[in-house]
Number of protein chains: 2
Amino acid sequence: MKEKELRRSLAVLPIGTVMKLTNLSARQIRYYEEQDLITPERNAGNRRMFSLNDVDRLLEIKDYLADGINMAGIKELYALQQQRAEQKQADLAKPLTDRDVRRILQDEFLNLGRLQSDKGPNYPAH
Amino acid sequence: MKEKELRRSLAVLPIGTVMKLTNLSARQIRYYEEQDLITPERNAGNRRMFSLNDVDRLLEIKDYLADGINMAGIKELYALQQQRAEQKQADLAKPLTDRDVRRILQDEFLNLGRLQSDKGPNYPAH
DNA sequence: AAAAACGTGTGATATTTTCTAACATGATTG
DNA sequence: CAATCATGTTAGAAAATATCACACGTTTTT
């Protein structure tokens, strides 16, 4: 699935194509960029070049706008989404620190203790 | 798989993008079109617009040329390939005519007859 | 060998596309 | 009502692309 993501993020489309694909005006597309909702690349001649991901996002933006959400709201949505993605990435990167390991082990011992002693008559099932 | 094919045949790329993607010069790309090896679409302003399939084909053409096949040869290859695709399509469209059915049945009967009589000592195995 | 055909590079010129920047505008919103 | 939002429109400049013609080194034909 890595190759596909690469393809989808390749900046190969000029604004004219994106206009047709999204039914947005050049003005709208540039404005959304100004609002940091998308960040198309630039080629050597300063022309904006868009990826399929950009097109997807523009279509999303259209939907959000149709739902009455304004630019600021959409930007906020993407910021949150971005944060969550980063967190997930970080979690994957270093799955367990030493502290995590110690904490987890300690928890297990605590549970062990609880299971073998201290079982009163109303000890919760399982 | 129909949606994917649609995407791959969408003419969305300008020649500049295709040049980068294929490492071919504009001259080469236009010449290959002149030789009917590709047929990019044109937008309202007469600019060539290419699909991902076009890019694939251009890369193929590059390979063929590197292998020493000339334009005419490549054109022939594609013509044959095209013919086979059409035939396959036709076969799928009307899988069996009445005549086919009768012929196939007759073949089976013939084979039956051969199996049950006429088996000499050297009858081929299977 | 001379001539012709191939595949490509290059240059000139015209047209189209895209860029930025500015001003305009109807619809909210404070 | 004044300000902000989201978009349209226009102007002028730069970039990308189109066609056409000529050049040129390599095969292929005659």
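The sequence lines fix the lettering, A, B, ..., with proteins before strands; numbering per chain opens at 1. Heavy-atom basis, side chains included; hydrogens, waters and symmetry copies ignored.
For Y32(A), a side-chain nitrogen or oxygen approaches OP1 or OP2 of dT7(D) to under 4.0 Å. For R48(B) and dT17(D), the shortest distance from a side-chain N or O to OP1 or OP2 is not below 4.0 Å. Contact annotation: Y31(A) does not reach the phosphate of dT7(D) (side-chain N/O to OP1 or OP2, under 4.0 Å). At the phosphate of dA16(D), OP1 or OP2 sits under 4.0 Å from a side-chain N or O atom of N43(A).
We find that R30(A) and E34(A) are not joined by a salt bridge, their nearest charged nitrogen and carboxylate oxygen being 4.0 Å or further apart.
A cation-pi arrangement is not found for R27(B) relative to Y32(B), the charged atom failing to lie both closer than 6.0 Å to the ring centre and inside a 45° cone about the ring normal.
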Run the side chain to side chain contact (heavy atoms under 4.5 Å, CB included) test on K62(A) and Q28(A) for me, step by step, so that the C-alpha distance in whole Å, both residues' side-chain angles and the decisive distance to 0.1 Å come before the verdict. CA-CA 10 Å; K62(A) 256 186 96 169; Q28(A) 287 176 302; over 6 Å; no
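At whole-Å resolution of the value, CG in L65(B) and P in dG7(C) are 8 Å apart. One interatomic measurement links the two molecules: CG of N70(B) to P of dA4(C), which rounds to 20 Å at whole-angstrom precision. Atom CE of M71(A) and atom P of dC5(D) are 11 Å apart (whole Å). One can place CD1 of I69(B) at 12 Å from P of dG7(C), the figure rounded to the nearest angstrom.
Residue R30(B) is classed as a base contact, given a heavy-atom separation below 4.0 Å to a base.
Nearest heavy atom pair, residue D54(A) against residue P40(A), reads OD2-CA, 4.0 Å.
If you find the closest nucleotide of DNA chain C to R27(A) and to G16(A), the one lying nearer the 5' end belongs to G16(A).
On a pure distance criterion of 3.5 Å, a polar donor-acceptor pair joins the side chain of R47(A) and the base of dT18(C).
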